[in-house]
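Have a look at the structure below, then the notes.
Just so it is clear, the values below take in all heavy atoms, side chains as well, and ignore hydrogens, waters and symmetry mates.
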Amino acid sequence: MSGGVDSAVAALMCAQDGAEAVGVTLELWSDAENDGELSCCSAQAVRGARVLAHGLGMAHLSIDLRKEFRAGVVDGWLSDHAAGLTPNPCVRCNGNVRLDAMLALAQRLGSGTLATGHYARVVPGPSGPLLRTARDVAKDQSYVLSGLTRESLARLRFPLGELNKGQVREIAREAGLSVAGRRDSQDLCFLAGTRQRTFLERHGGLGPRPGSILDGDGAVLGEHVGAHVYTIGQRHGLGLAAREPLFVLATDTQANTVTVGPRTALLASEVPIRDTVLHREAHCVDGVRVRAHGRRFPCRIDGDLPAGRYSRAGLMMDEPVERTAPGQLACLYAGDVVVGYGTIARD
């Protein structure tokens with residue numbers, strides 16, 4: 001329970017099903033510079049979730065995972081930015097920190113399942129359960145959950161998977177939940193109310209480091225504030241005046257340069273991925289999503305790969321697409337079922 005409407009309604013639905021449910025909230029981050037009211041894992045979130053749980057007649061527990069979160073999520077996020085990558089910390093958190101910790105607690109409490117307020121569904125597969133997109137496509141969170149193991153999925157329940165956001169808020173209103181109209185959090189939990197550049201400097205020592213903005217031929221067009229704060233595909237914040245829109249095509253944190261060019265230079269028909277996990281054979285893959293709520297692009301995997309783990313693989317796109325920043329997750333689908341994932345690699 002995060003103190004928001006989604007997890008509150010998930011808890012309500014568990015209670016209405018007659019289950020003996022216990023609310024759990026994780027404290028993952030504490031920073032005086034953050035706005036704890038905007039975070040799903042601050043001390044304020046713990047207090048709010050406790051009030052909601054008690055209002056539903058549930059016991060409530062909290063787990064302090066600030067040390068584990070810093071080591072398992074934030075430190076990697078900082079080092080990836082320093083290396084010129086654009087990571088997705090939510091995937092790493094869900095796959096390696098928060099849900100594993102709650103499943104371990106559930107095991108100690110003798111609980112068979114863990115329910116969350118994520119918008120996703122689970123379907124059976126020949127070798128274990130697989131993640132499926134939520135009925136509400138606009139709220140679907142299969143992307144950020146794709147790093148979960150099938151063993152974890154077997155014990156997870158997503159009560160909101162068949163509902164849309166409007167229905168969830170209506171259930172909350174009818175139940176008299178105080179969070180029925182609470183707005184959704186937008187920032188990364190550890191950035192709540194803090195600018196990314198400020199966070200990178202304060203926690204990662206990645207302060208301003210002026211360097212050259214180059215065109216495709218290496219000519220200097222202007223100056224940037226530090227290659228580590230730019231990402232592939234970025235258009236705004238470059239401070240350049242040009243006849244046509246310019247986009248970031250590449251960053252080099254060693255040389256501290258940012259290369260820009262027209263949108264057409266971003267298009268690619270092949271996308272390399274690394275650290276790839278396939279739950280089913282490669283020929284099953286027919287789409288990829290490279291942003292949490294982005295479009296699913298038709299594609300196939302190069303080669304006839306069986307299910308398993310691969311250090312490198314290639315996505316062959318049905319049509320040229322804008323290149324995605326290295327470090328981002330590529331979530332692989334067969335229809336609306338998640339059948340694997342990988343990380344966007346450098347060419």
Worksheet item: What heavy-atom pair brings Y119 and L160 nearest, and what distance separates the two atoms?
Response: CD2-O, 3.8 Å
Discussion item. Under 4.5 Å between side-chain heavy atoms, counting indirect links through other Ile/Leu/Val/Met/Phe/Trp/Tyr residues: same cluster for Y341 and L145 or not?
Written reply: yes
Item to complete: Could you pull out all residues at least two apart from R155 that satisfy salt bridge (charged side-chain N to carboxylate O under 4.0 Å, His left out)?
Response: none
Worksheet item: Can you tell me if Q328 uses its side chain to pair, donor with acceptor, with the backbone of A325 under 3.5 Å?
Response: no
Worksheet item: Is there a chain of hydrophobic side chains (I, L, V, M, F, W, Y, each step under 4.5 Å between heavy atoms) that links V144 to L28?
Response: yes
I'd like a table of donor-acceptor pairs (distance under 3.5 Å, sequence neighbours excluded) in which one partner is a side-chain atom from residues 296-316, with atom names and distances.
{"unit_1": "R296", "atom_1": "NH1", "unit_2": "G335", "atom_2": "O", "d": "2.5"}
{"unit_1": "Y310", "atom_1": "OH", "unit_2": "P306", "atom_2": "O", "d": "2.6"}

Practice prompt. For Q234 and H236, indicate whether the former's side chain and the latter's backbone hold a donor-acceptor pair under 3.5 Å.
Written response: yes
Fill in: Donor-acceptor under 3.5 Å (S111 side chain, T113 main chain)
yes
Practice prompt. Could I get the full list of salt bridge (charged side-chain N to carboxylate O under 4.0 Å, His left out) partners for D80, not counting sequence neighbours?
Written response: R92
Worksheet item: Tell me, which pairs form a side-chain hydrogen bond (donor to acceptor under 3.5 Å, both in side chains) where one or both residues lie in residues 127-140, sequence neighbours left out?
Response: R132-D336, R135-E162, K139-D184, D140-S142, D140-R289
Discussion item. The criterion is side-chain contact (heavy atoms from CB on, under 4.5 Å); which residues satisfy it with A104, sequence neighbours excluded?
Written reply: R108
Review item, side-chain donor-acceptor pairs of residues 56-64, under 3.5 Å, at least two apart:
{"unit_1": "H60", "atom_1": "NE2", "unit_2": "T25", "atom_2": "OG1", "d": "2.8"}
{"unit_1": "D64", "atom_1": "OD1", "unit_2": "R66", "atom_2": "N", "d": "3.1"}
{"unit_1": "D64", "atom_1": "OD1", "unit_2": "R66", "atom_2": "NE", "d": "3.0"}
{"unit_1": "D64", "atom_1": "OD2", "unit_2": "R66", "atom_2": "NE", "d": "3.3"}
{"unit_1": "D64", "atom_1": "OD2", "unit_2": "R66", "atom_2": "NH2", "d": "2.7"}

Item to complete: Kindly determine whether N256 and H228 satisfy side-chain hydrogen bond (donor to acceptor under 3.5 Å, both in side chains), including the steps that lead there.
Response: CA-CA 8 Å; N256 196 31; H228 61 278; 5.6 Å; no
